Amino acid sequence: ESSAEQQYQEKDKLTDEQDRCPRMASSETPVEQLNGEIPYALAIDIDDVTPPPPSAFSGSYLDSLGDRDNVAESSSAMTSSSDGGYHFDVSENVDFGRGGGDGDDTELPPQAQQPAAAAMEVQNEAVPKGVQKEDPQPAAMEVQKEEQSSAEQQHQEKKDQQLSDEDRYLRMVSSETQVKLLNGENPYALTDIDVELLVGRLLDNLEDDAQKRNGKTKGKSRLRSKNVPKSEGRPTVVVLGTGWAAHAFVKLASTYDLRIVVVSPVNHFVFTPMLASAAVGTIEYRSMTEPIRVTNPYIDNFVEGRAVGVDVPGKKVEVQLTSLSTVTGAFKGIAANAPCRLDPESRSSVEDSSPATRTITLNYDYLLCAVGTSARSSIVQGARDHCFNLKTSQDSKRLRTAIGEALEFASRPDLQESYYADDEYMQELAKEERRRRVRFVIVGGGPTGVELAGEMSDFFVQICSKPDGAYQHLAEDISVTLVHGGSDLLPAMDMDLREKALSSLQQQGIQVRLNTRLKEVGQDFVTLTEKGKDGEETIPVGLTVWAAGNAPVPFVQELLSHLPSSAAGSAGRINVDRWLRCPTPTPETFGSVLILGDTACLEAEREYGPAAPLPQTAQVAGQQGSFAARMFNRGYDLTRTPPLLPEWEDTEEFSLLRAWLNARGLEEAPPFAFLSLGLLAYIGDGKALNQVELGEVPVFNYSGRIAFALWRSVYLAKQAATRNQALIAFDWLRTEAFGRDITRL
């Protein structure tokens, strides 16, 4: 925990350093430095230019530019003089200030000497006899104070303008589209589409459709042309987690060729983009979940527990079984820290409670770590104890219960003004307490926070509508505040979509606080600080939801302690190569541990901009899970780099899969390549944002009600099974016809 906290502090320090990056593009000078040019090369007559010697361009400044050739070319903007110096052709309106060093003995230019001489003449005029000359010091001090106040005001205005410029230039490089526009390129150029990747992904999908039933038809493997029972000597693959990466792997992997054991604290996969909808009753929890045993009924086993230890050289993983007796009491009360199966249990309580909750050891040939992340709420004082999260189906259910109880608290008779007929003071207290009970704060302006704000707005509009709203008496009291530390909501989207998200939420009555950080969370308050301003603001609240930032789960730190130091990636993630393999202590164990999903840190090359780790999104995790399943299904040797197909033996039977791979030229495993399809976000009031992409090429952006129809269509098509599609479609129809259910069970 101490090591993890230290990593968080180092990351926060790095974040502070990164805040300076917008300044690199906030004016012409840093932009020219960024492009490898001399920022002070002014327009002059260059006919008599003599290039300076190379020694004139040495030192840290040249190193910061990073391109000596550009500097040598830019040096032609200076002219050499007979005295060995360099002269610039400067416009006469340039103000160099007073200068003069400590003694301030620099002679003023003639234009400045004239008003100064006139002032001295006025001051030295003869004073009438008998009149005492007034001391100018008090008046001078007053003028000095006024000038100082004016200077401070100008400094503050300049600082605010600088922050505004930084935000503006930061937006110019915030996405692939903006970078292309900045470079004068067409962001919609079809020539940028990676056709080879698209064709390969299409052929992979055809192969996946044929491979999905391997091991599900009485031991017959179609692509290997075998019709024999499963071998007991199959390699054992232990999969940790049931999230997007693990679900994609289990759904596609061939149980005919692999012995698959899944370990997770929960026995189901959840469609996480719809957790916000489930938190207000738009859809039901079970409509967006699929039991992992149903995903692939032919896996060898599922173990409900969590990995707590690992022996990489010995290929063993230690699993702490879930105490199933705690499940029935998991949702007592509305406290954010109520018992949860995803929270680690103490070793002593587990070992002493029951033999059924002991720790067991599983042997593996391959370990797939897809444990995901947890909420990074520990970085803010009190957030871990008093904030609700929104990462699992249990979080969604707990939040829905808390919202319902907050509405009931605010509806109690002792919180109504009519209860205190003759006491104005108590009436005011009751009004303030009632409003606090239904004041909701969402921390984080990413997709989760924005979609939750939109869903809550829809929910409150429904229940407070007249004449039949169940809580119409609270219509003037309910408020939702969205707090975001950045200057724009949804920073991964293009600028036009960010602006539409902000305006839409504000039109719905949601208070959006940008450039605002959460400093402390209490049971009934939050403390906020705004960038560029001093002081703090404390707001009484009834419920706070954390939707900002992720942190690694404890097992990731445990696994890193058994791996080489080179395995430690950014933000507590684990570095992997292009085939998702992490470094191991010995060459014999290399290729036996694969890291998938949010836990993996894979640097991806980009056509526009430097390489950066892939984002922690469902798209990336799902594609990595399918990629790993293909490598196992094809039989690549993961101990080699790149992984290769085994040597062909004359005695081996004909394999349609082998012929297919040879025809495609896949004797070597291709590296993982992420294909982005875009971003979607619901913003409330029946409106959504669509940013459709094909790799790095934007296809189109759209917002509004038509975009909402596309948002629903995509989410419906991406469900885990046909059963989920039918249930969610029915939930949407039920909500439109009868409204959201406010029953608290």
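Quantities reported herein were computed from a predicted structural model and do not represent experimental measurements. These values consider heavy atoms only, across backbone and side chains, with no hydrogens, waters or symmetry-generated copies.
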Exercise. Taking atom types as modelled and ignoring hydrogens, do the side chains of Asp731 and Ser287 form a donor-acceptor contact shorter than 3.5 angstrom?
Worked result: yes

For this session: Would you please test Leu580 and Phe627 for side chain to side chain contact (heavy atoms under 4.5 Å, CB included) and show each step?
Result: CA-CA 9 Å; Leu580 307 180; Phe627 174 81; 3.7 Å; yes

For this session: Taking the six-membered ring for Trp and the full ring for Phe, Tyr or His, determine whether the centres of Tyr298 and Tyr256 are under 6.0 Å apart.
Result: no

For this session: Nearest 0.5 Å please: distance from the SG atom of Cys601 over to the CD1 atom of Ile574.
Result: 10.0 Å

Exercise. About how many Å separate CG of Asn301 and CG of Leu362, when rounded to the nearest 0.5 Å?
Worked result: 8.5 Å

Exercise. Within a strict 4.5 Å, meaning less than it, do heavy atoms of the Tyr702 and Val692 side chains meet?
Worked result: no

Problem set entry | From CG (Asn724) to CE (Met288), nearest 0.5 Å | 10.5 Å

For this session: Check whether any side-chain heavy atom of Asn296 lies under 4.5 Å from a side-chain heavy atom of Ile299, and answer yes or no.
Result: yes

Exercise. Applying salt bridge (charged side-chain N to carboxylate O under 4.0 Å, His left out), which residue pairs with at least one partner in residues 709-724 are found, sequence neighbours left out?
Worked result: none

For this session: Nearest 0.5 Å please: distance from the CZ atom of Arg259 over to the CG atom of Asp365.
Result: 9.5 Å

Exercise. Between the side chains of Thr322 and Glu304, is a donor N or O closer than 3.5 angstrom to an acceptor N or O?
Worked result: no

Problem set entry | Pair Phe269 + Trp244: ring centers closer than 6.0 Å | yes

Exercise. Stepwise, does the side chain to side chain contact (heavy atoms under 4.5 Å, CB included) test hold for Glu693 with Leu677?
Worked result: CA-CA 5 Å; Glu693 302 171 345; Leu677 300 178; over 6 Å; no

For this session: Show the numbers, then the answer: is there a side chain to side chain contact (heavy atoms under 4.5 Å, CB included) between Thr392 and Val270?
Result: CA-CA 7 Å; Thr392 68; Val270 58; 5.6 Å; no

For this session: Using the salt bridge (Lys or Arg N to Asp or Glu O under 4.0 Å) rule, take Glu284 and Lys397 through it: C-alpha gap first, then chi angles, then the decisive distance, then the call.
Result: CA-CA 9 Å; Glu284 296 298 327; Lys397 185 175 182 180; over 6 Å; no

Exercise. Between His247 and Thr242, does any side-chain donor sit less than 3.5 Å from a side-chain acceptor?
Worked result: no

Exercise. Between Asp257 and Arg234, is the closest basic N to carboxylate O distance under 4.0 Å?
Worked result: no

Exercise. Are Leu694 and Leu198 side-chain neighbours, meaning at least one heavy-atom pair lies under 4.5 Å?
Worked result: yes

Exercise. In terms of side-chain heavy atoms, does Asp494 have a donor or acceptor partner in Asn701 at a distance below 3.5 Å?
Worked result: yes

Exercise. Is it true that the side chains of Thr373 and Gln616 contain a donor and an acceptor less than 3.5 Å apart?
Worked result: no

Problem set entry | Within residues 707-736 or reaching into it, pairs that qualify as ring-ring contact (aromatic ring centres under 6.0 Å, His included) - sequence neighbours excluded | Phe271-Tyr715, Tyr682-Phe708, Tyr682-Trp711, Phe708-Trp711, Trp711-Tyr715

Seminar exercise, completed: Thr617 meets the side chain to side chain donor-acceptor pair (under 3.5 Å) criterion, sequence neighbours left out, with none

For this session: For Gln506 and Gln508, test the side chains for any donor-to-acceptor distance below 3.5 angstrom and give the result as yes or no.
Result: no

Problem set entry | Separation of Glu696 CD from Leu675 CG (nearest 0.5 Å) | 10.5 Å

Exercise. Between Arg201 and Glu196, is there a salt bridge with N-O shorter than 4.0 Å?
Worked result: no

Exercise. Taking NZ, NE, NH1 and NH2 as the nitrogens, is one of them in Glu605 or Arg578 under 4.0 Å from a carboxylate oxygen of the other?
Worked result: no

Exercise. To the nearest 0.5 Å, how far apart are CG in Leu689 and CG in Leu710?
Worked result: 11.5 Å

Problem set entry | Greater than 12 external heavy atoms within 6.0 Å of Ile706's CD1 | no

Exercise. Is Thr544 close to Ile442 at the side-chain level, that is, under 4.5 Å between some pair of heavy atoms?
Worked result: no

For this session: Answer yes when Asp209 and Lys251 have at least one side-chain N-carboxylate O distance shorter than 4.0 Å, and no when they do not.
Result: no

Problem set entry | Donor-acceptor side-chain pairing of Thr282 and Ser277 below 3.5 angstrom | no

For this session: Let me see the working for Ile742 and Phe459 under side chain to side chain contact (heavy atoms under 4.5 Å, CB included), right down to the final yes or no.
Result: CA-CA 10 Å; Ile742 60 174; Phe459 174 63; 3.9 Å; yes

Exercise. Is the shortest heavy-atom distance from the side chain of Val480 to the side chain of Leu505 under 4.5 Å?
Worked result: no

Exercise. Between Arg581 and Asp577, is there a side-chain N and carboxylate O pair less than 4.0 Å apart?
Worked result: yes

